[in-house]
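Structure first, then comments.
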Protein chains: 2
Amino acid sequence: MDLGEPEPRPGQEPVNRVKPRKATRIQIRNQERILDGALSIFASTGFRGATVDELARASGMTKPNLLYYFRSKKALYIAVLELVLERWLEPLEQLDPDGDPAEQILAYMRAKLAMSKERPEDSRLFANEILNGAPMLGAVLQGHLKELVEQKAAVIRHWCDTGQLNRVDPYHLIFMLWATTQHYADFEVQVTALLGDNQRDKTYGDAADTLETVLMQGLLPRA
Amino acid sequence: MDLGEPEPRPGQEPVNRVKPRKATRIQIRNQERILDGALSIFASTGFRGATVDELARASGMTKPNLLYYFRSKKALYIAVLELVLERWLEPLEQLDPDGDPAEQILAYMRAKLAMSKERPEDSRLFANEILNGAPMLGAVLQGHLKELVEQKAAVIRHWCDTGQLNRVDPYHLIFMLWATTQHYADFEVQVTALLGDNQRDKTYGDAADTLETVLMQGLLPRA
DNA sequence: GTCTATAAGAGGATAGAC
DNA sequence: GTCTATCCTCTTATAGAC
């Protein structure tokens with residue numbers, strides 16, 4: 001997924017200064033370390049809240065050294081978004097039109113919940129970006145994401161039309177699945193404030209049970 | 001709800017410089033204008049993303065003039081949070097232990113959805129704050145909010161125990177209601193990117209229908 | 001109460017030595 | 001490739017005139 005560079009000044013090098021052909025092991029390792037640390041910082045403070053100093057410290061580098069690898073804070077941010085976007089959308093892509101509706105929706109819910117548990121920073125990265133108006137991700141929302149969701153909404157609509165699911169709006173069902181699962185990552189401090197922080201496994205287990213109960217009884221036609 | 005001032009330097013005046021006793025109509029009006037504009041700015045960019053310049057422009061004032069009314073950007077932010085917190089928590093407080101369970105939960109869902117529609121900035125203000133670790137709201141989460149949620153969770157648990165609702169975890173049911181309703185405010189750009197922006201009424205109508213269908217069939221015991 | 005001017009400092013990015 | 005030193009802009013907050 002290519003987000004494009006907002007300001008490709010003429011004569012300037014692209015987002016990533018290092019020429020792919022000449023990338024040494026050190027360069028690759030450093031880039032990965034930077035991206036890794038940057039995800040963590042951007043996820044917890046958003047784009048504007050992050051400072052290049054913090055970003056550099058997060059990967060054990062100095063500021064100018066980080067800026068040797070990524071031309072600017074913005075370029076780094078875009079690189080992180082691109083990196084994370086692929087695995088972010090994968091669970092929805094896996095939704096199988098030929099599978100059993102109930103099973104497919106439950107599997108999607110569980111995959112998204114697992115992502116909130118295992119990769120909460122991915123979720124918070126996107127939450128920050130979208131909450132603040134999706135300045136960098138806007139094109140993706142109206143392009144690739146829109147296509148993907150249209151396609152999967154059609155699948156769900158077909159399941160409703162053939163009586164395999166109760167009649168619900170497919171888009172809003174998808175929003176419901178997103179909201180309920182991402183909530184545990186995005187609002188983690190609130191969840192742990194209310195449930196206690198030594199309860200992570202239990203929290204996600206109970207969440208899955210509750211969602212399964214409500215979704216299955218709510219979506220499956222009564223016999 | 002008092003959030004307290006993080007750094008009450010001795011000899012300094014409190015958050016709001018204007019002495020309550022002497023507040024003139026102009027002062028009150030100006031404070032309201034500032035708080036109003038500030039909500040809009042803080043909601044869309046978060047605390048760190050907002051600049052005092054923007055905050056001042058949003059209320060048609062100059063920077064020093066705004067800082068005459070509120071000692072610092074942080075003090076203004078806290079004042080906005082305090083102002084909004086009360087109406088933010090009201091719907092949950094309204095949940096009536098003596099009402100009909102299905103009706104009460106539907107009414108809560110509808111009230112929260114209405115808040116997302118009518119006051120999306122309130123929702124985004126809190127979303128930004130919590131997503132970024134609730135630096136100012138942490139005490140509220142572990143204090144007043146925790147008590148309120150415990151109390152309402154007990155109500156829901158009682159409804160489950162007496163067979164009026166399916167057995168679900170009350171906390172996670174509350175999270176589900178929060179997540180599904182606040183999603184429409186917090187991720188509005190995504191929702192409109194996927195559904196179109198000339199559809200606000202339809203969007204919220206369909207959302208309510210979908211949530212009602214899933215919740216009612218998912219929560220009410222089968223006859 | 002409101003303004004212009006400015007101090008004080010944080011933050012993004014670069015220069016240039018090594 | 002990496003560092004120290006530095007530039008310059010943006011931002012918070014204050015001084016002091018009116």
Side-chain angles (χ1 to χ4, degrees), chain A residues 5-9 11-34 37-38 41-42 45-80 135-136, chain B residues 5-9 11-34 37-38 41-42 45-80:
Chain A
E5 236 300 50
E7 301 155 42
R9 306 173 227 164
Q12 288 275 354
E13 313 218 353
V15 169
N16 187 334
R17 258 187 182 162
V18 180
K19 312 282 193 306
R21 273 205 307 166
K22 297 186 65 175
T24 68
R25 274 174 218 84
I26 284 191
Q27 288 170 335
I28 291 173
R29 194 174 51 95
N30 277 344
Q31 283 187 55
E32 282 171 357
R33 268 171 44 188
I34 293 172
I41 302 292
F42 283 134
T45 68
F47 176 72
R48 293 187 77 168
T51 71
V52 178
D53 244 333
E54 283 172 337
L55 292 166
R57 263 200 308 278
S59 53
M61 274 184 180
T62 60
K63 203 161 36 165
N65 202 5
L66 181 147
L67 289 170
Y68 168 79
Y69 286 99
F70 294 89
R71 220 176 75 268
S72 67
K73 178 179 155 185
K74 194 181 213 170
L76 174 55
Y77 180 66
I78 289 176
V80 173
M136 313 285 177
Chain B
E5 235 301 49
E7 302 154 41
R9 307 173 227 163
Q12 288 275 355
E13 314 220 352
V15 169
N16 186 334
R17 256 187 183 162
V18 181
K19 310 283 193 305
R21 274 204 308 168
K22 298 185 65 174
T24 67
R25 274 175 218 82
I26 284 191
Q27 288 170 337
I28 291 173
R29 194 175 51 95
N30 277 344
Q31 283 187 57
E32 282 171 357
R33 268 171 44 190
I34 293 172
I41 301 292
F42 283 134
T45 67
F47 176 72
R48 294 187 76 169
T51 72
V52 177
D53 244 334
E54 283 172 337
L55 292 165
R57 263 200 308 277
S59 52
M61 275 186 179
T62 60
K63 206 161 33 166
N65 202 5
L66 182 147
L67 289 170
Y68 169 80
Y69 285 98
F70 293 90
R71 219 176 74 268
S72 67
K73 177 180 154 184
K74 193 181 211 168
L76 174 56
Y77 180 67
I78 289 177
V80 173

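Each chain gets a letter, A, B and so on, in the order its sequence line appears, and its residues count up from 1.
- Here the closest non-hydrogen pair linking Ala38(B) and Val80(B) is CB-CG2, 3.8 Å.
- Whole-Å rounding puts the Arg57(A) CZ to dT2(D) P distance at 18 Å.
- Considering only heavy atoms from C-beta on, Gln31(B) stays 4.5 Å or farther from Ile34(B) through its side chain.
- Between Thr62(A) and dC3(D), a side-chain N or O to OP1/OP2 separation shorter than 4.0 Å is present.
- With a 4.5 Å cut-off on side-chain heavy atoms, Leu76(B) and Tyr69(B) do not count as touching.
- In this structure, NZ of Lys73(B) is placed 9 Å from P of dT11(D), rounded to the nearest angstrom.
- Contact annotation: Asn65(B) does not reach the phosphate of dT4(C) (side-chain N/O to OP1 or OP2, under 4.0 Å).
- Distance Arg48(B) CZ to dT12(D) P: 11 Å, rounded to the nearest Å.
- Between Leu67(A) atom CG and dG11(C) atom C1' there is a gap of 11 Å when expressed in whole angstrom units.
- The separation between Lys74(A) atom NZ and dC10(D) atom P is 14 Å, rounded to whole Å.
- A donor-acceptor pair under 3.5 Å links the side-chain atoms of Ser59(A) to the main chain of Ala56(A), judged by distance alone.
- Toward the 5′ end of DNA chain C lies the nearest nucleotide of Gly60(B), the other residue of the pair Gly60(B) and Lys63(B) mapping further downstream.
- Geometrically, Lys74(A) does not engage Phe47(A) in a cation-pi contact, judged by NZ or CZ lying under 6.0 Å from the ring centre and within 45° of the ring axis.
- Nucleotide dG12(C) holds its P atom 11 Å from the CG atom of Leu76(A), rounded to whole Å.
- With dT2(C), dA13(D), dT4(D) as the choices, the nucleotide that has an atom nearest any side-chain atom of Ser72(B) turns out to be dA13(D).
- Look at CZ on Arg71(A): it is 14 Å from P on dA15(C), rounded to the nearest Å.
- Here Ala56(B) lies out of heavy-atom contact (under 4.0 Å) with every strand.
- Rounded to whole Å, the distance from OH on Tyr68(A) to P on dG16(C) is 18 Å.
- Side-chain atoms of Pro64(A) lie closest to dC3(D) of the nucleotides dC3(D), dT2(C), dT2(D).
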